Amino acid sequence: FVVSVDIIVKHIADLDSVYGNYKFFYRDTTRRSSGYEHTLFLNPAQLTKQISSLKVWDGTSHAESFENFLQFGRPDMSRGTEAVAVTVRMNSSKITQFDYDSESGTYLVSEYGEPYMDGNTNTQLAVTNVLALKLGYTPVEGDRYGRLSADLTKGEGTYCTAGKIIKINWSFSEESGFAFSYADGTPLKLAAGQSFICLPDASGGSIEASYLVSGR
């Protein structure tokens, strides 16, 4: 509900995938057999064909004042330490593992002790950047389903790339999005490639790095 209101107030271009009559959204029938959640997908090719007929921003140009909150370049990892295996414990039950593959220069992702597979390619998910941003979570008062509220303002975290890990700081605002910096305040530039962002609990989670990858 909060997200929906924010979209309206800020006049963000959006396409309603639930109630809108758009041919480029579809439900995955295989996933649908076991439930309704996480079954909605987008067909990019069909969206590209139909975008010109829709009265929304098509993403091909930006206003002159637009600034991308993510900065990409050649990250300085000279002060980082070796991390060919990184374990991020989100909380007491959710664990995500990242094993560095030197041949591809990426981290292979595993969850719950199993490779995290891409359903389209049947290959293990591989990412260039791993960011673990520590958040403060508190139970939503009066909520009987146990939902949590996250303090999404600022905090500490870690950044991993090219087999190294370094401590970082992060902040977030609705106007400028996320901002990442090294411990000394210097802005962090991410390596070009896919990124995996984890949000572990600042009090109950942990981020562990090791030199050797077990089982490899």
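Because the structure is a prediction, the values reported are computed rather than measured.
Relative ring orientation between F178 and F180 is described as parallel, the plane-to-plane angle staying below 30° on a 0-90° scale split at 30° and 60°. The aromatic rings of F196 and Y116 lie perpendicular to each other, with more than 60° between the two planes, well past the 30° mark.
In terms of modelled atom types and a separation under 3.5 Å, the side chain of T161 and the main chain of T128 share a donor-acceptor contact.
Side-chain contact between R79 and Y182 is present, with heavy atoms from C-beta onward closer than 4.5 Å. Within the 4.5 Å cutoff, the side chain of Y22 has no heavy atoms near those of the S17 side chain. With a 4.5 Å cut-off on side-chain heavy atoms, V109 and D99 do not count as touching. Between T123 and D118, the closest side-chain pair of non-hydrogen atoms falls below 4.5 Å. In this structure, Y112 and I95 have side chains that are not in contact, with every pair of non-hydrogen atoms separated by 4.5 Å or more.
Rounding to the nearest 0.5 angstrom, the gap separating the OH atom in Y159 from the CG atom in L131 is 6.5 Å. Distance check: S110 OG to F98 CZ gives 9.0 Å after rounding to the nearest 0.5 Å. Here the straight-line distance linking atom OG1 of T158 with atom CD1 of I207 works out to 3.5 Å at 0.5 Å rounding. Here the CD atom belonging to E208 is positioned 5.5 Å from the OG1 atom belonging to T87, to the nearest 0.5 angstrom.
Closest non-hydrogen pair, T30 versus S33, comes out as O-OG, 2.6 Å. For the residue pair K23 and Q50, the shortest heavy atom distance occurs at CB-NE2, 3.7 Å. Residues P44 and L42 share a closest heavy-atom pair of CD-O, 3.2 Å.
Checked against E111 for a side chain to side chain contact (heavy atoms under 4.5 Å, CB included), the options K94, M90, Q97 give a single hit: K94.
Sorted pairs that involve residues 25-36 and meet salt bridge (charged side-chain N to carboxylate O under 4.0 Å, His left out), not counting sequence neighbours, are lacking altogether.
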Donor-acceptor contacts, no H, no angles, side chain residues 164-172, under 3.5 Å, sequence neighbours left out:
unit_1 : atom_1 : unit_2 : atom_2 : d
W170   : NE1    : K134   : O      : 3.4
W170   : NE1    : E156   : O      : 3.2

Donor-acceptor list for residues 135-145 side chains, cut-off 3.5 Å, not counting sequence neighbours:
unit_1 : atom_1 : unit_2 : atom_2 : d
Y137   : OH     : L199   : O      : 2.7
D143   : OD1    : R147   : NE     : 3.1
D143   : OD1    : R147   : NH2    : 2.9
D143   : OD2    : Y145   : N      : 3.1
D143   : OD2    : G146   : N      : 3.1
D143   : OD2    : R147   : N      : 2.9
D143   : OD2    : R147   : NE     : 3.4

I'd like a table of donor-acceptor pairs (distance under 3.5 Å, sequence neighbours excluded) in which one partner is a side-chain atom from residues 186-194, with atom names and distances.
unit_1 : atom_1 : unit_2 : atom_2 : d
T186   : OG1    : D184   : OD1    : 3.0
T186   : OG1    : D184   : OD2    : 3.4

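Listed by chain and number, the residues in a salt bridge (Lys or Arg N to Asp or Glu O under 4.0 Å) with K154 amount to none (sequence neighbours excluded).
Here F41 sits in one hydrophobic cluster together with Y26; the rule is ILVMFWY side chains under 4.5 Å apart, joined directly or through other members.
Under the 4.5 Å side-chain heavy-atom criterion for Ile, Leu, Val, Met, Phe, Trp and Tyr, L70 and M77 are members of the same hydrophobic cluster.
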